[in-house]
Every structure is written in structure tokens, then in C-alpha cells.
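One structure below.
Each chain gets a letter, A, B and so on, in the order the sequences are listed, and its residues count up from 1.
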Amino acid sequence: FLGAGGGNDIQWCFSQVKGAVDDDVAEADIISTVEFNHSGELLATGDKGGRVVIFQQEQENKTQSHSRGEYNVYSTFQSHEPEFDYLKSLEIEEKINKIRWLPQKNAAQFLLSTNDKTIKLWKISERDKRPEGYNLKEEDGRYRDPTTVTTLRVPVFRPMDLMVEASPRRIFANAHTYHINSISINSDYETYLSADDLRINLWHLEITDRSFNIVDIKPANMEELTEVITAAEFHPNSCSTFVYSSSKGTIRLCDMRASALCDRHSKLFEEPEDPSNRSFFSEIISSISDVKFSHSGRYMMTRDYLSVKIWDLNMENRPVETYQVHEYLRSKLCSLYENDCIFDKFECCWNGSDRQVEFSLIVMTGSYNNFFRMFDRNTKRDITLEASRENNKPRTVLKPRKVCASGKRKKDEISVDSLDFNKKILHTAWHPKENIIAVATTNNLYIFQDKMN
Amino acid sequence: MLGKGGKRKFDEHEDGLEGKVVSPTDGPSKVSYTLQRQTIFNISLMKLYNHRPLTEPSLQKTVLINNMLRRIQEELKQEGSLRPMFVAASQPADPLSDNFREAQPAFSHLASPPLLPADFVSTMPLESCLTPASLLEDDTFCTSPAVQHDGPTKPPPPALQPVKDSFSSALDEIEELCPAPTSAEAVAAESAADDSKAQPGESNIHKPEGLPESRTAESKLMDPLPGNFEITASTGFLTDLTLDDILFADIDTSMYDFDPCTSATGAASKMAPVSADELLKTLAPYSSQPVTPNQPFKMDLTELDHIMEVLVGS
């Protein structure tokens, strides 16, 4: 397990990078979500073009003990297509907003992928054998003349080149008027929730023609709308508990046993505004872009524009820890508002843990200029790293980066005004068990590992 | 960086117009605060109305920008400011912007947020959005194929309105979306509506320096923000509008009347082609110069056309 506060900080090294090399980014290639499966063997990405690409980790080579298996393409399929809503005269984007894996129950793998309106359950299965030796058919499929059949034999399975097939098993549609921002699978592994701007629905994985609305914050008069749902997640252990975050920086915890429609929260997490930091943009930067429970479920982490906050579920009035991701942007909020960057939705993730005990100790989140940040809750140290092809010597430890907020810029520091705001890292994922991370830049996927010795 | 009006020192006031906000009551910094507020107000308006995506704009973004505008409006109300906010003249390559600048004084009182045409056109009864496929089967007029989906779906349990005929639903939408303003604003709206038959709903106007405005003009700007939450077809009011588009489009100017009473009939009435000249004539009394009809029309006309076709089954 990773250095759990033992004084050994993880040393991250470049491992791989996937995606086009050229600077000219095709819109469809923009990565929109990244997710490891429960074992970490598979890594899925979704993109703006509606495609899902799954990478598989090579089985560890016992002789090559200094590096973990590489991730190679396992399956690629078109999950969603663009659609047209005729009544509104608008396109429905095929961009994959979220992917969530189901725990593996048999040989096949299952994942949920969603765009703005429709969720799909995909089955990814391998085929490496095929039956040969039919009595009535030739090998090429043509039927044999029955009169030529003089003996009977039992068809046998013979090996063939591995084929990975993805097929849509369920399509959950027509339940969301607004744009789906989250899906979360319940710990019962039978149900899941999907959340859009104003509503959260509960589905059963087997049933596609019915979903139950469990949260509805749509006001009777839309002119009164001032707050939307930004993210939602089920509790990792309690199958009747979930949280959802809002654009006003609040998180509500709901218990589905309390009532059918969970419009009244059981808990409301909100930090009072810091009056010394008030600005026109206070509300916008307080909007929560991601919420993630810790492995034990005792804590949850939220990401707003400038910070990551850790909340103890037992304390509603303020977070237990706050980490500044890029405080130097606070003085640039007006420009960031003008160029829309202030609306960027950064995600956050916990380190992996092979136990359900509370080992959620490191949080990771992205920033601009292809920088990403990690905060160690134990040591209170943080580090800024860069996902760039310039650093792509495997096994070379990544050099920490530093942004110079004001004043004299030291060597190797980058000044705030030189940051490239088009290079944003919104999606990151941490292997569930090992120190392997996947970091998505606009159209490339970087994989980093810790330096094993 | 935008809107740097006040002098600023490097270190202490580096934030200048950004970052920390000076209390509006501070003497010399009040100017920079006001300037900052005005800049942000302008930017917010531009964001809401300049945007014409092919897909639905993000509701979260719209809500946040709206909240920003509302807060600023509230502040202005409380300050009792008589200076309405106008968009800075930063619209590039706008063939009509000059006209708008010149016609500005008259247009200021028409500056209420453009609401209806785009709104009404692009909305549909919300409950029925949840089951577009199965509802569509029942609608007599509907020509669009079942959108997207495999298999029929049942509406989810939440409170459902009785399924209405889509035509009357659309009418309800129009009425619903007429500004439901407070009484003070209603008065202003009424007076503005009476004044102008053709409501350009222009929000991007250029302000001549130091022009005093009437209270009515002020309250026009205080009108409830469009919300635009139902807007799916975006309100791209400054998109490329050419005179040709006006000339060759069927226009029913009653659609642009803000008077809630007439909107229903407006929707029901057959659209009569109106030439651009007639439009110009209706606008002429309000400006000293001939002015080209506002750009909102372009977006709205196309949308309007489309929905009218659907409604009357032509």
C-alpha cells in the first residue's frame, strides 16, 4: 500500500501517453471522462465524439518487477450518437459525460455510460474460442447437403484470435429533461441513480422503462430558479444514502427511507462564506463541480473552482479540511468569467485503497496549463505536477512545478499570466488498489506510476 | 483583463477591479467598484444573449449568470441608481451596431429582456418532456418522429400535468413565459408595451456618455430577467442579421408584443407577411433616424416559422 504517512512521499513517473500527438485537437477526441474499473485492470475513457475506449493492463511480468503492466487498447466502441430533438430544434450531444463500472460478476464486464439524456449499459465480453465441426454447416457457414452427411460428430471449441465485443444491453432513456451530470451505482449493485440539473432519478439496472424520481428541485415557476444540481453520488456502504451538490456550494445528504421523494435533506453541508473573500464571483466559484465519498464513507470530498474540501459526514457546518488548488486565480476571476473558464468543471479523486478502512489520504485534482495537484492529508504537503509529452521518459520522476502568483518569479516557476487556460485537466482517476493514476489533458490520456524500488 | 478604469498600485491594490471587492461605501474606491460592477453586468448580459449554440446551453451556467445579474440589479435598486446599465460597445463587426448606437435614447426603454419569441418557440410542456416518445404518438399535429428511443417509455411518477393537446400547451407556454413581473415592473412593462408595438427586446445597446434616463427606462432594465431557462434555441440576438432576412421572412409583429393579453391571440393568429418597411415604420417614431429592426427577429423568425408550421400542420 502507498506510503500511508510513513514519510515516504510517492514519486510519480511517467508511464504512458495515449492519443494524438499533434496540437490540432479534433473536437471529437476531447476526453470527457476517465474511470478505472473495480479491479483496476481496465481503464475506460469517454470522449466528446461519443466513443468509449477501454484500456487493459497487461498482466504483470514477474521478471519485470520494476514496472507494472502497461495499459493497451482493449476495446473501442461508439456508445452514443448525436441526436436531434425535433421539438426544441436542438442537437443532443453525443459527448460521454460519465462512465461507471459495475463490479464484475462473471466473465463479462459491464459499464454504464451516459450523455446528456440517455444512459446505456454496455456489456464487454471476450471471445477467444469458436465452435468448429458442425454437422450440417461447412466451416464457412454454407449448409452442407444433408445427403453427404454420413457420420456425426460433436462440434468442439477451438481457439481463435481474441475478439472483444461491446454490446448495449440496456438503454435507459426518456427520463431526463435536463442534462445528466452524474450517474452513481448503488452499493446494492442493483440500482443506480442519474442526476440532471434539476432532478435525480433512481433506476433498476434490469428495468429500462421506468425510473423513480427521488429528488426534484425544479421550482413551479422557472423564473425563480436560482440553484441547480451539479453532482450526485451514492454512499459506498449505505444503500439508502446519497448526496447531491449544488451550484450554490451546498451538499445535501438524503436518505431514501425517509420518503419517496427526497426533497427534504437529512443533512445539509454548507460552509459559511468568508467575508474577507467576498466578490461578485463568490457564488460562481462556490459551485461544486464534483463530489466523491471516501472509501469508508465517513468523509466526502467536494471540488469547487478554487479548492478541494473534505467533509466529515458528522459535521455539517464546515469542512474538516480545505486545500487550495490554485488560489492565485482569485485575482483573475473577472477574466476567467469573461472567457468562461470560471465555469470549468474540475473533478477530484481519492487515492486507491485495497481496504475499506479509512485509507483515503491523498486527493488529486486538475488545474490549468496541464497541471494537476495532489494533497496529502497526513503530511499536509501538496505537489503540482504537469502532464506533458516533454516529461515522457519512463521511470524518471516528474519534477514538481510551481506557479508564481506575484512578485519576482524564481527560476523554473511559471507566472500566472503565462498559464495556458486552454490546457485544462478536468478528469483524473486513481487506480483502486495501486499507485497508478490516469490524467486526461484535452485529448491525451497520461498514465503515471509511482517509482517502484 | 477587462475594465481597468481606476488607477491601481501594483502590490496592495493589484487586485484592482478583480478579486476582492471594495465596499461600495468607500469614497474613492466606489468608482472602481461601480465600474467593476458595470463591467460584470455587461459581460453577463453578453453571455446570456450572444450565444447561439447548436445544443442547449448549460442550465447551470445560465442560472449562475442570471443570479449575477439579479444581484447587481438588486444592488442598483437599493442604491436607487438612475443610471441604467448598457453594454459596452464591444460588439465586433455588427452591421447594425451603429444604428443602435444612434438610436440608443429611444431604445433604452425598450430594453427589457427579450423574452418571448425565442422562449415560447423553444419550449414545450415540461412534464411531457419526460416522455417525448409516447406522447408524440398521441399528438395529432406532431410530425417529428419519436425522438431517439427504442421502445415506449412510461412517464416517471412525479406530478404530471394532464396531457394536453400540444397546441394549447404551447399557448400556455407563451402565456407562462410572458414576464410575470412584480407590480411595479408590470406597470413599466405595460407602458413600454403600449409604447412599442414591435418589441425588439434589445439588450445590447450602446450608451452615449452621461445620458440621463427616465425612471421608466430604469425599471425596464429591472424587469425580471428572462430566466431563459426554457430556452433551448439560444437567443443569439446579435448574430448575423441582414436586411434580407427581414425582408424575406414572414413576420407577425404581434408576437413581439409584451402584453400578456395579446400573446395568446398572437400565437393563434395566422402569420401575415410583413415587409421590412412596415417594421421600420413602427420603429421609426421611437428614433430620430431610420433604424434597422433588431437582430432578435432573425433567430425568432426562424424558430417561429418552424413552430408555426408544426402547429398548423402545414
Side-chain angles (χ1 to χ4, degrees), chain A residues 83-93 116-118 171 173-179 181 196-199 201 208-213 216 218 221-228 230 247-248 260-261 276-281 283-284 287 330-335 337-338 340 343 406-407, chain B residues 1-3 11 14-15 17-21 36-37 39-40 43 47 54-56 58-61 63-64 66-68 70-72 121-124 126 129-134 142-145 147-154 156-158 179-180 224-227 229-230 232-233 303 306:
Chain A
E83 289 161 22
F84 196 76
D85 182 332
Y86 292 94
L87 282 182
K88 294 184 186 178
S89 279
L90 283 178
E91 266 191 27
I92 297 172
E93 270 194 298
D116 283 340
K117 297 285 186 180
T118 305
I171 301 197
N174 288 339
H176 285 281
T177 307
Y178 303 97
H179 291 179
N181 52 55
D196 67 31
D197 295 308
L198 298 180
R199 298 190 175 102
N201 293 334
T208 59
D209 62 354
R210 188 169 57 236
S211 81
F212 294 97
N213 179 243
D216 188 342
K218 179 172 171 280
N221 179 5
M222 279 295 273
E223 301 251 334
E224 292 164 4
L225 180 66
T226 57
E227 189 174 10
V228 299
T230 52
S247 57
K248 285 195 173 172
L261 188 63
S276 66
N277 266 338
R278 271 206 82 224
S279 80
F280 285 109
F281 307 101
E283 186 194 35
I284 298 184
S287 177
R330 194 178 287 274
S331 57
K332 313 287 180 202
L333 292 178
C334 196
S335 310
Y337 179 60
E338 203 205 359
D340 274 357
F343 299 106
S406 58
Chain B
M1 307 275 195
L2 281 200
D11 48 1
E14 184 184 24
D15 297 331
L17 288 165
E18 314 262 19
K20 299 188 184 180
V21 162
Q36 180 181 17
R37 180 174 64 190
T39 306
I40 294 171
I43 296 173
K47 278 188 184 307
L54 296 167
T55 56
E56 243 167 306
S58 153
L59 185 62
Q60 181 198 358
K61 196 166 141 186
V63 166
L64 288 171
N66 241 308
N67 290 352
M68 175 81 87
R70 277 188 186 144
R71 264 201 303 279
I72 295 178
V121 148
S122 50
T123 63
M124 52 196 239
L126 282 166
C129 287
L130 292 172
T131 55
S134 51
C142 187
T143 53
S144 28
V147 191
Q148 308 134 23
H149 311 291
D150 334 335
T153 56
K154 273 168 53 173
L225 290 164
F229 301 127
E230 308 293 4
T232 48
E303 296 303 316
H306 176 79

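A salt bridge links B:Arg71 to A:Glu283: at least one charged side-chain nitrogen sits closer than 4.0 Å to a carboxylate oxygen.
Contacts between A:Leu198 and chain B at a heavy-atom distance below 4.5 Å involve the side chain alone, from C-beta outward. Proximity to chain B is absent for every atom of A:Asp196, based on heavy atoms less than 4.5 angstrom apart. Heavy-atom distances place the side chain of A:Phe343, and not its backbone, under 4.5 Å from chain B.
The main-chain N or O of A:Tyr337 is found under 3.5 Å from a side-chain atom of B:Lys47 such that the two form a donor-acceptor pair.
Among all heavy-atom pairs drawn from B:Val63 and A:Glu227, the shortest one is CG1-N, 3.8 Å.
If you take OG1 on A:Thr226 and CG on B:Asn66, they are separated by 10.0 Å, rounding to the nearest 0.5 Å. Between atom OG of residue A:Ser279 and atom CD1 of residue B:Ile40 there is a gap of 7.5 Å, rounded to the nearest 0.5 Å. Summarising the geometry, atom CZ belonging to B:Arg37 is positioned 6.0 Å from atom CZ belonging to A:Phe280; distances are rounded to the nearest 0.5 Å. A:Ser247 contributes atom OG, which lies 7.0 Å from atom CG of B:Asn67 (distance to the nearest 0.5 angstrom).
With chain B as partner, the option from A:Asp340, A:Val228, A:Leu261, A:Thr230 having the largest number of non-hydrogen pairs under 4.5 angstrom is A:Asp340.
By the 4.5 Å heavy-atom criterion applied to side chains, B:Thr39 and A:Glu338 are not counted as neighbours.
The side chain to side chain donor-acceptor pair (under 3.5 Å) test applied to A:Glu93 returns no partner, not counting sequence neighbours. The side chain to side chain donor-acceptor pair (under 3.5 Å) search around A:Ser287 returns B:Gln60, not counting sequence neighbours.
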